[in-house]
Amino acid sequence: MNTHAELDVLGTAATWLAEGHKVALGTVVKTWGSAPRPTGSQIAVRADGAFAGSVSGGCVENAVIEDALRTIEDGKPRQLEFGVSNERAWEVGLACGGRIEIFVEVIA
Amino acid sequence: MRPETLASLNEARKRGRAIVRAVDTKTGEEKLVDPYTDSSALGLAAARAARADVSGPAEVEGRNWFFAVYNPPLDLAITGAVHIAQPLVPMAALAGYRVRIIDPRTAFATEARFPDAALSHDWPDEALAKAPLGPRSALVALTHDPKIDDPGLTAALRSPCFYIGALGSKKTHAARLERLRGNGFTDEDLARINGPIGLDIGARSPAEIAIAILAQMTGVLRAGGEGGRLTARAAASSGPV
């Protein structure tokens with residue numbers, strides 16, 4: 001669900017592109033259990049690390065931004081998975097116990 | 001995502017049109033789909049996702065896609081700029097609705113009383129002809145006055161809107177149904193009207209009645225009209241935290 005009630009991630013991404021920034025987009029494509037944000041939730045990440053939107057309510061954004069920056073560099077789409085069973089959980093796990101999969105791509 | 005895709009998505013959103021982006025998450029290949037005009041297999045699957053208002057994976061003709069659904073905002077049309085409408089407008093706006101109030105009585109529908117709603121002083125049949133109810137629309141009739149409520153309900157029954165509700169006692173509602181039957185609607189048509197309106201939560205004040213109405217609308221939109229206590233649901237729930 002993306003309505004006007006949510007932050008305008010795609011509008012922000014378009015503005016950044018028009019300003020000459022490189023931008024990647026992260027999208028929640030799958031959730032298990034009590035994930036904090038529904039599928040379709042998006043985050044736009046700029047090459048300088050600025051971002052708009054949210055894919056987890058703050059739990060894993062830092063890790064997603066890191067991978068988004070790699071995607072901006074090499075142009076390759078990525079699928080990231082986060083959850084309590086993930087080895088990265090200690091660093092960037094979801095406190096709610098859910099799992100999410102995020103698709104990261106460059107806008108180019 | 002190609003920059004042209006982003007521009008098309010933003011254009012569709014600006015125009016209030018539903019649009020679905022199908023993306024292959026392995027390769028990044030993408031297609032933009034107009035869910036309500038594209039009759040291909042991909043278009044039909046996208047239409048299901050748009051109607052359900054859920055982004056998610058879909059297999060179409062042996063190929064795996066992720067559908068990102070971009071729906072226009074929800075639309076709530078209220079006939080009757082009455083006291084219950086006053087709390088309902090900000091509550092519905094917070095829940096993501098664009099709210100419009102239709103009431104030809106100019107003394108009721110004033111900006112001072114309804115700063116957050118689009119106001120129309122047309123009669124409901126005219127207002128709803130100018131800006132029709134769609135699949136993401138709800139109509140709530142609050143005036144008790146058949147001259148105002150009935151044309152709105154008639155337009156709603158002829159539309160694909162997802163929710164129709166009408167304020168009034170059982171007796172008022174029975175008389176209303178009788179009038180609408182006289183206008184050629186069947187019992188099956190009339191079963192779409194939630195009347196008396198709202199969930200049975202003992203609501204007394206206008207704000208509580210607004211909660212009962214908005215909760216019922218949400219239940220119809222998200223749970224097919226089913227509602228109840230979350231504690232009664234299976235532990236496997238995947239609802240929001």
Side-chain angles (χ1 to χ4, degrees), chain A residues 1-6 8-18 20-42 44 55-57 59 71-72 74-81 94-108, chain B residues 1-14 16 18-30 49-58 64-75 92-99 136 218 221-222 230 235-241:
Chain A
M1 175 179 56
N2 294 273
T3 70
H4 74 302
E6 307 215 2
D8 184 8
V9 176
L10 295 184
T12 304
T15 304
W16 287 346
L17 277 186
H21 294 282
K22 290 182 174 167
V23 182
L25 194 64
T27 306
V28 178
V29 292
K30 202 166 177 189
T31 67
W32 300 259
S34 54
R37 300 276 290 135
T39 51
S41 301
Q42 292 186 311
V55 286
S56 75
C59 305
T71 296
I72 288 175
D74 65 19
K76 290 182 186 143
R78 285 172 165 74
Q79 287 194 80
L80 319 174
E81 196 179 319
L94 294 164
C96 54
R99 281 203 294 153
I100 57 174
E101 194 176 299
I102 295 166
F103 173 61
V104 179
E105 62 191 317
V106 67
I107 305 178
Chain B
M1 181 187 281
R2 290 188 303 271
E4 312 84 75
T5 305
L6 180 65
S8 302
L9 280 173
N10 281 331
E11 181 63 20
R13 291 163 65 238
K14 203 170 88 187
I19 192 155
V20 175
R21 176 182 178 232
V23 57
D24 180 333
T25 57
K26 295 280 188 295
T27 63
E29 190 189 330
E30 63 182 356
R51 268 193 290 271
D53 197 22
V54 175
S55 297
N64 289 313
W65 298 96
F66 173 78
F67 284 159
V69 173
Y70 300 92
N71 267 323
L74 294 159
D75 164 42
L94 283 171
Y97 289 81
R98 269 186 202 156
V99 188
R136 290 177 54 80
T218 307
L221 178 69
R222 305 288 184 206
L230 276 176
S237 158
S238 59
V241 285

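All values reported here derive from a predicted model rather than from experimental measurement. Chain A is the first sequence line, chain B the second, and so forth, proteins listed ahead of strands; every chain is numbered from 1.
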TODO: Identify which part of A:L25 has an atom lying under 4.5 Å from any heavy atom of chain B, answering side chain, backbone, both or neither.
DONE: side chain
TODO: Could you pull out the closest heavy-atom pair between B:L9 and A:L10, with the gap in Å?
DONE: CD1-CD1, 3.9 Å
Open item on the list: Side chains of A:E101 and B:T25, heavy atoms from C-beta outward: is any pair under 4.5 Å?
Closed with: no
Task: Heavy-atom proximity to chain A below 4.5 Å, by part of B:T27 - done: backbone
- [ ] Please report the shortest heavy-atom distance between B:G56 and A:T39, naming the atom on each side.
- [x] N-OG1, 4.5 Å
TODO: List the atom of A:D8, the atom of B:R13, and the distance in Å for their closest heavy-atom pair.
DONE: OD1-NH2, 2.6 Å
TODO: Please name the pair of heavy atoms, one in A:V29 and one in B:P57, separated by the smallest distance, quoted to 0.1 Å.
DONE: O-CD, 4.1 Å
Open item on the list: Under 4.5 Å from any heavy atom of chain B, what part of A:V28 do you find: side chain, backbone, both or neither?
Closed with: backbone
Task: Nearest heavy-atom neighbours spanning A:P77 and B:K26 - done: CG-O, 4.1 Å
Open item on the list: Can you tell me which portion of A:A13 sits under 4.5 Å from chain B's heavy atoms? Options are side chain, backbone, both or neither.
Closed with: both
- [ ] Would you name the heavy atoms of B:F66 and A:T27 that are closest together and state the gap between them?
- [x] CE2-CG2, 3.7 Å
